[in-house]
There are 2 protein chains.
Amino acid sequence: MTDGVASTGRGRGGMSEQRRRRVRLEISREAARLFWAQGVDGTSGDQIAEAVGLSTRTIWRHFRSKESCAEPIVAQSVEWELATLRSWPPHRSLEEHFATEAKRLVSEISPSEQADAGLGVKMIRLAETEPALRTAWLMACDQVERELAAVIATRLELEPDDLQVRLHAAAAAAALRVINEYVGAGLLDGTDPRKLGDENFAFIADAVRTATGGAVGDPVRAEEAPAEPDGSAAGRRK
Amino acid sequence: MTDGVASTGRGRGGMSEQRRRRVRLEISREAARLFWAQGVDGTSGDQIAEAVGLSTRTIWRHFRSKESCAEPIVAQSVEWELATLRSWPPHRSLEEHFATEAKRLVSEISPSEQADAGLGVKMIRLAETEPALRTAWLMACDQVERELAAVIATRLELEPDDLQVRLHAAAAAAALRVINEYVGAGLLDGTDPRKLGDENFAFIADAVRTATGGAVGDPVRAEEAPAEPDGSAAGRRK
DNA sequence: GCCAGTATGGCACTGAGTGATTCCCCTTGG
DNA sequence: CCAAGGGGAATCACTCAGTGCCATACTGGC
């Protein structure tokens, strides 16, 4: 996951850590643009370097492989979902939380972030035909799965490496991946620009609920020992 | 997915198509052995070629990349699950079908197939730390997901590219992946050799049922329109 | 202005993967 | 039994991703 050189620790010295992310994003932007325009195989490391105004050597200092140049832009496109999941308070339902967070987001998003999101969608789309990019996409989904495991673990008051938690996380992450692919493909195929309304959040939440057998999605009653967590809030689909 | 040269079509000529698979498997065996013994980075294409007794060039004729040399052995290790899924009759439950198919399997399995299975498990394990191999593993899971979509589509009498079907397939495939990783890790960590009894199949089936919100796993009543498929046989977990 | 420490450039080099050509072996037909 | 032919494999030369190594430019603290 951590791509470039090991640590820098961030301890002392300078502006690393945040600056590094900016550089990687910058490279990723140009790489994604080129990948989309001429394909992955049709794009050379030298081209990326030239496009971003750095030496080829420096590109490889920041990314372990050509395909991984696309990772930051892909990761960023799921970052807001991740952040939303991380900040999901126990006492709220998934759809509620998504809806309010989404409202907060639309007012804060900048044009450049919007452009990045567009590139991310394109990369996800490209990943369906370019095996090299599929890796980057699946890796990002893998990351979502891990974070989701942590979120679910706290909600269910279990360990993140508990088998049941891992199963739920994997299923939910897979559902989110499919929805991302579906929505992204729809957007690129011209399906109107702004129809990602509240209805979609209910759909997402329901997909997660279904994928986890109803175990994840509803508010969690704090301070109450779940002696028999069954039959509480299952089947709510359609 | 199809790795080597394009077609050969299989039309006329010779023994391709089946022989090709044998050669690829042979290469994959040696590659997996070397990967496990000395790591992926520590293994060169030349080494693989020498181990299998072919020229390096020929290796690249059969595989597009070094890591993909592991794919056949990984794919084969999930092939029986895939086959089992494909032959899942509508009127049976998943645990029933798995159990009977497993019984049929243990009597038919050959020593070499057993060795291959062992190698496959090792590759899956390696995939947890070697990003290059993780790709191969995730690709195999991707394949499982696609086939699963077909199976689920027929059971639910929907199209394979229906969103709901894709969601269910993705969630179920993810659950199967986690279980495979879990069981494989257990086996390699010395957890006894033969305890994959009926109990496990019930567990697998339940995981699939949970991941699909109860929509997949139970017998399907043929010839009856599922007006309200809900609430029929949900929550059956432990 | 000087002194770390770090980011970058340049260059040579390893190794993956490809293309083109030749070679070998096996089949087929006379 | 031998000639023709075709397909797979070997060989060689080449491209390009990616690394190691060293020189250099930049940055922030004194």
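If you're wondering where the values come from, they're calculated on a predicted model, not measured in any experiment. Order of the sequence lines sets the chain letters (A, B, ...), proteins ahead of strands, with each chain counted from 1.
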Checklist entry - Going by heavy atoms in the side chains, are B/Phe63 and B/Ile48 under 4.5 Å from each other? => result no
Checklist entry - B/Glu71 pairs by salt bridge (charged side-chain N to carboxylate O under 4.0 Å, His left out) with which of B/Arg64, B/Arg24, B/Arg21? => result B/Arg64
Item to check | B/His62 side chain near D/dA9 phosphate (N/O to OP1/OP2, under 4.0 Å) | outcome: yes
Item to check | Minimum heavy-atom distance between B/Ile179 and B/Ala207, given as atom pair plus value | outcome: CD1-CB, 3.7 Å
Item to check | B/Glu79 vs B/Arg86, salt bridge (Lys or Arg N to Asp or Glu O under 4.0 Å): CA-CA, chis, key distance, verdict | outcome: CA-CA 10 Å; B/Glu79 176 52 34; B/Arg86 273 193 291 260; 2.6 Å; yes
Checklist entry - How long is the line joining NZ of A/Lys66 and P of C/dG17, in whole Å? => result 12 Å
Checklist entry - Could you give the CG-to-P distance, from B/Leu54 to C/dG17, as a whole number of Å? => result 17 Å
Checklist entry - Any side-chain donor paired with an acceptor under 3.5 Å for A/His168 and B/Thr210? => result no
Item to check | Short side-chain N/O contact from A/Thr58 to OP1 or OP2 of C/dG9, under 4.0 Å | outcome: yes
Checklist entry - How many Å lie between CD on A/Glu26 and P on C/dA7, as a whole number? => result 17 Å
Checklist outcome for this item: Under a 4.0 Å heavy-atom criterion, the protein footprint on nucleotides 19-26 of chain D, written with B, S and -, is BBB-----
Item to check | Whether B/Phe201 and B/Phe98 hold their rings parallel, tilted or perpendicular, with breakpoints at 30° and 60° | outcome: parallel
Checklist entry - In whole Å, what is the span from the CD1 atom of B/Ile27 to the P atom of D/dA9? => result 8 Å
Item to check | Separation of C/dA7 C1' from A/Arg22 CZ (nearest whole Å) | outcome: 16 Å
Next on the checklist: Just the rounded figure in Å: distance from C1' of C/dG9 to CD1 of A/Ile59.
Outcome noted: 12 Å
Checklist entry - Rounded to whole angstrom units, what separation is found between the CD atom of B/Glu67 and the P atom of C/dA16? => result 10 Å
